[in-house]
Amino acid sequence: MNLQGVCLVGTTHAWVVGDGGMILATCDGGAVWTPQGDTEKDLRAVCFADTERGWAAGRDGTLLRTVDGGSSWQTRSADTTRNLYGISFAPSGRTGWAVGDGGTILVSSDGGSTWQPQGPFGDTHFTRCSAVDDRTAWVVGKHGRILTTTDGGTTWTDCSAPTRSDFKGVFSVSAEQCWAVGRSGTLVWTTDGGTNWSAAQGVTDLDIYGVWASPDGRTVRASGDDGLLIGSDDAGRTWSPCRSGTTKDVVTLALTADAGHGWAAGDDGLILVSVDGGHSWEPQLNGSHKDLVAVHGAGATRTAVGQDGTVLTTTDHGAVWRTGAGTDGLLLWSVHVLEDERHAWAVGAGGAVLVTDDAGASWRRCEVPVEADLFGVHLGPGGRVGYVVGAGGAVLVTDDAGASWRRCEVPVEADLFGVHLGPGGRVGYVVGAGGAVLVTDDAGASWRRRDVPVDADLTYVHAVDDDTAWAVGRTGTLLTTRDGGATWSPRDTGTEAALWAVTFTSQGDRGWAVGDFGTVLVTDDGGQAWKPQDSGTSGNLKSIWASPDGSRAHIVGDGSLVLATSDGGASWTQQVAGTGKNLYGVRILTDTGQGWVVGDGGTILGSRGLDRWAPQPSGTTANLYTLAAASPKTAWTVGRGGVVLVTHDAGASWRPQASGTDKDLLAVSAAADEATAWAAGDLGTIIATRDGGTTWHTRPTPCGDVLWGLDFTDTHTGWAVGLGGTIVHTRDGGDTWQAQDAGTDDDLFGVYAVDGHTCWVVGDRGAVLHTRDGGHTWERKPTDTRQTLHAVAFTPDGGTALGVGRSDTVLISRDGGATWRTGSTGTGMSLWAVQPTTAHRAWIVGDEGSVLSTSDGGATWDRHPYSPEKDAVIHW
């Protein structure tokens with residue numbers, strides 16, 4: 001889930017907003033981030049005047065206002081459905097502006113209660129705004145557009161900078177001084193109200209999205225693609241990199257007036273904090289916001305499970321986490337990873353018992369003889385014998401590695417929450433509600449209830465050996481047995497917080513217990529004395545796993561909180577894994593019923609039956625923007641920083657190829673000979689290969705703008721499209737390219753070549769263009785949408801076509817493109833790629849992991865298992 005806007009008030013209060021209506025707030029310097037709001041609309045910007053009064057703007061004209069620090073947010077009407085990308089209020093909190101598509105500038109003079117349009121400004125695209133006071137503001141947008149007002153917006157002056165680059169961010173400190181940033185390293189500033197502009201040269205070629213400056217204009221910080229954070233301390237004369245510690249896009253940033261404290265936010269839920277003037281940044285959140293309930297591991301592998309079927313797995317001690325598929329959105333309560341690091345078991349709601357044999361990449365459900373919620377799972381040595389416990393006294397056992405399960409007779413009907421076997425596998429312990437404790441010493445053939453000196457719910461149990469075990473529970477309960485469970489004695493924990501998990505080293509000398517309010521307790525003397533450790537958070541901690549020697553451990557909790565230690569708990573650092581990555585490319589092979597999807601963070605999903613999508617290893621964390629298949633075995637995908645990957649085994653493995661460029665590659669096309677392919681991207685870049693990618697060569701083009709789309713009909717004829725109405729055409733396999741007149745300066749994003757004469761192109765303002773004479777003339781087809789369209793594709797017979805774009809826009813033609821009607825998928829997401837396979841069936845991918853298909857010509861759309869839903873709250 002990408003975050004798009006950040007605002008801070010002092011060093012303790014901050015808010016970030018993003019996709020799917022996400023609003024996160026902190027009031028303790030970022031130790032805890034709490035969700036706010038209840039909108040599903042993507043939010044793009046947020047602004048606060050103080051700790052109580054704030055505003056947010058987003059998709060479809062969404063305007064939100066709070067007067068209580070975000071405890072409640074009210075929707076305000078502006079009588080527009082245009083997407084809004086920027087919002088900024090004067091320090092007084094009275095006057096503010098919001099900007100967006102279609103030249104939209106809205107103003108409020110009553111603290112955001114009501115909004116009125118200003119303008120008109122033509123059908124342009126404004127991206128951000130910055131208010132200095134109640135009369136002064138700056139607005140930036142596409143193609144270098146910059147406007148300023150000094151009379152509250154009654155009049156606006158065009159003071160555009162000498163660049164055609166799209167601006168993505170703006171920050172003003174006065175009516176005279178303003179900074180603007182944008183594509184391909186654009187970074188300009190003025191000190192005379194926009195009469196003259198200075199530009200930073202050679203600082204970076206990456207897109208810059210966020211910018212901030214101190215009140216005197218000497219200290220400046222900017223953020224952008226690939227973890228870019230740069231700074232100047234001499235009013236822009238010189239620049240140096242700041243340590244970001246991430247390769248994710250950093251979309252927005254804000255600092256206190258003295259630059260002493262700041263936050264930045266970006267892709268995959270990334271939130272960074274700086275306490276040294278923005279010179280270095282550390283992660284506070286780095287992914288999803290799903291509650292995690294359990295974690296277990298072996299070797300370098302850890303698997304965490306939780307809310308809405310969330311399964312996160314790392315195979316490198318937590319450096320990188322990835323999402324599993326096939327959990328059907330079930331709430332998962334417990335997980336156990338076997339020593340081989342590939343096999344694992346998870347249990348959850350409705351009798352769910354899931355197993356993986358590929359390190360969590362995919363999961364399948366097992367048949368069990370109960371439908372009760374299952375809360376705990378533990379496997380013995382080798383994984384053949386295992387136990388599952390759950391509601392209503394459910395205890396299940398398998399002795400054939402999960403091939404079959406049977407229910408055990410036990411002397412309780414209480415809900416059972418935890419199960420753990422001793423090292424030998426014959427002794428086992430179960431704990432549950434009301435102080436329930438069960439013990440077996442015959443490998444589960446019989447279970448006996450044991451008395452304990454508490455009646456609190458016991459939530460977890462850990463067996464150190466056959467004689468020694470520890471159990472934890474609510475109200476700070478901690479119990480131990482030294483005689484195989486015959487008797488139990490309490491230990492003083494010094495806390496009333498609910499404890500949810502306990503673990504020990506294999507020697508039994510060092511152990512931890514974790515619970516609510518960031519509670520971490522540690523013992524170094526076998527449990528005789530317990531003392532608190534500083535976890536660095538006040539969030540609720542639900543589970544802990546430690547390596548046998550105790551050197552490494554992971555804790556998980558609410559809000560996708562993941563803590564890790566590699567020094568035995570002396571220090572804990574936050575790791576949070578991402579889910580819901582935006583997906584940009586889809587390719588379906590109709591003959592074989594297989595397909596791939598690609599997206600943010602190196603995401604590649606593959607499917608053989610098109611009913612379930614599973615991650616495939618990409619070997620990169622770079623964003624992947626599109627893919628092209630030459631055959632069922634061979635496909636290419638391209639992305640950020642010139643990344644090119646190829647598979648020759650249907651996606652079982654993907655290998656990098658040297659593209660010869662570091663420019664972002666945004667489009668790719670492949671020929672059926674499996675040897676010829678082309679890719680296009682930033683600054684008019686086009687590369688080509690004729691030897692399967694062993695070598696790629698750059699081809700000259702007559703344009704320097706970004707090329708967003710590329711398609712070939714055969715090994716000779718192709719088109720590429722891009723910013724400002726760019727269309728270029730080749731008839732010699734891409735060796736030479738000629739510009740064609742599109743008849744528009746709208747940005748063009750998607751292209752579909754039918755044959756050597758016929759081609760379709762889509763772009764801004766609902767543009768649908770086509771040619772039937774090889775591009776000598778282009779005709780614009782009427783549509784009833786003004787939304788930006790990202791992609792267009794036709795069925796193999798040419799009769800049915802679909803176009804997709806921003807704000808869940810779907811265009812459908814049933815007559816070969818002669819007429820188009822507007823629809824939607826019902827997800828509300830921006831859609832990036834489409835492929836119709838028949839007149840009735842099509843696939844679309846988009847934001848937040850959306851993988852969608854229709855089998856009725858677009859009347860209804862089905863979500864597929866990878867797609868996440870907006871967060872809900874687990875009440876414990």
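Numbers for residues simply follow the sequence, beginning at 1.
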Any side-chain heavy atom of [X] within less than 4.5 Å of one from [Y]?
| X | Y | value |
| --- | --- | --- |
| Trp263 | Leu272 | no |
| Arg302 | His317 | yes |
| Val293 | Val556 | no |
| Leu3 | Thr252 | no |
| Ser489 | Arg491 | yes |
| Cys27 | Thr12 | no |
| Val412 | Arg449 | yes |
| Trp470 | Leu478 | yes |

Is the side chain of [X] donor-acceptor paired with the backbone N or O of [Y] at a distance under 3.5 Å, no angle test?
| X | Y | result |
| --- | --- | --- |
| Ser535 | Gly518 | yes |
| Ser566 | Arg552 | no |
| Thr475 | Thr477 | no |
| Asp492 | Gly494 | yes |
| Arg342 | Glu339 | no |

For the residue pair [X] and [Y], what are the closest heavy atoms and their distance?
| X | Y | result |
| --- | --- | --- |
| Val273 | His261 | CG2-NE2, 3.7 Å |
| Thr523 | Gly527 | OG1-N, 3.0 Å |
| His336 | Leu338 | CD2-CD2, 3.7 Å |
| Ala570 | Thr565 | N-OG1, 4.2 Å |
| Asp467 | Asp465 | N-OD1, 2.9 Å |
| Leu458 | Phe417 | O-CD1, 3.3 Å |

To the nearest 0.5 Å, tell me how far [X] [atom1] sits from [Y] [atom2].
| X | Y | atom1 | atom2 | answer |
| --- | --- | --- | --- | --- |
| Asp549 | Thr505 | CG | OG1 | 8.5 Å |
| Asp258 | Thr11 | CG | OG1 | 9.0 Å |
| His13 | Leu8 | NE2 | CG | 11.5 Å |
| Leu330 | Arg365 | CG | CZ | 5.5 Å |
| His343 | Thr301 | NE2 | OG1 | 13.0 Å |
| Arg450 | Thr487 | CZ | OG1 | 9.5 Å |

Worked verdict on Lys531 versus Leu521 for side-chain contact (heavy atoms from CB on, under 4.5 Å): CA-CA 5 Å; Lys531 58 187 178 184; Leu521 306 176; over 6 Å; no
For a quick check under 3.5 Å, do [X] and [Y] share a side-chain donor-acceptor pair by atom type?
| X | Y | result |
| --- | --- | --- |
| Asp457 | Thr459 | no |
| Trp447 | Glu409 | no |
| Arg221 | Ser223 | no |
| Trp500 | Asp516 | yes |

task: Test Arg243 against Glu282 for salt bridge (Lys or Arg N to Asp or Glu O under 4.0 Å), laying out the working first.
output: CA-CA 9 Å; Arg243 184 175 62 82; Glu282 301 291 339; 2.8 Å; yes
- prompt: Taking Trp488 as the fixed residue, which of Thr480, Asp483, Leu479 is the one that meets the side chain to side chain contact (heavy atoms under 4.5 Å, CB included) rule?
  reply: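 When side chain to side chain contact (heavy atoms under 4.5 Å, CB included) is applied between Trp488 and each of Thr480, Asp483, Leu479, only Leu479 qualifies.
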message: The test is side-chain contact (heavy atoms from CB on, under 4.5 Å); show your working for Trp345 and Cys366 and say whether it passes.
response: CA-CA 10 Å; Trp345 298 81; Cys366 303; 3.7 Å; yes
Only distances under 3.5 Å count here; give the side-chain donor-acceptor pairs of residues 381-397 to other protein atoms, sequence neighbours excluded, each with its distance to 0.1 Å.
{"from": "Arg384", "atom 1": "NH2", "to": "Asp399", "atom 2": "O", "distance (Å)": "3.4"}
{"from": "Tyr387", "atom 1": "OH", "to": "Ala443", "atom 2": "O", "distance (Å)": "2.4"}
{"from": "Tyr387", "atom 1": "OH", "to": "Gly444", "atom 2": "N", "distance (Å)": "3.1"}

task: Applying side-chain contact (heavy atoms from CB on, under 4.5 Å), run through Ile271 and Leu24 and close with a yes or a no.
output: CA-CA 10 Å; Ile271 298 179; Leu24 300 177; 4.1 Å; yes
field: Heavy atoms of other groups near Asp451 CG, more than 12 under 6.0 Å
entry: no
- prompt: When the aromatic ring centroids of His279 and Trp281 are compared, is their separation below 6.0 Å?
  reply: no
query: So Phe504 and Trp530, would you call those rings parallel, tilted or perpendicular, with 30° and 60° as cut-offs?
result: perpendicular
task: Check step by step if side-chain contact (heavy atoms from CB on, under 4.5 Å) holds for Leu292 and Lys542.
output: CA-CA 7 Å; Leu292 299 175; Lys542 294 295 174 59; over 6 Å; no
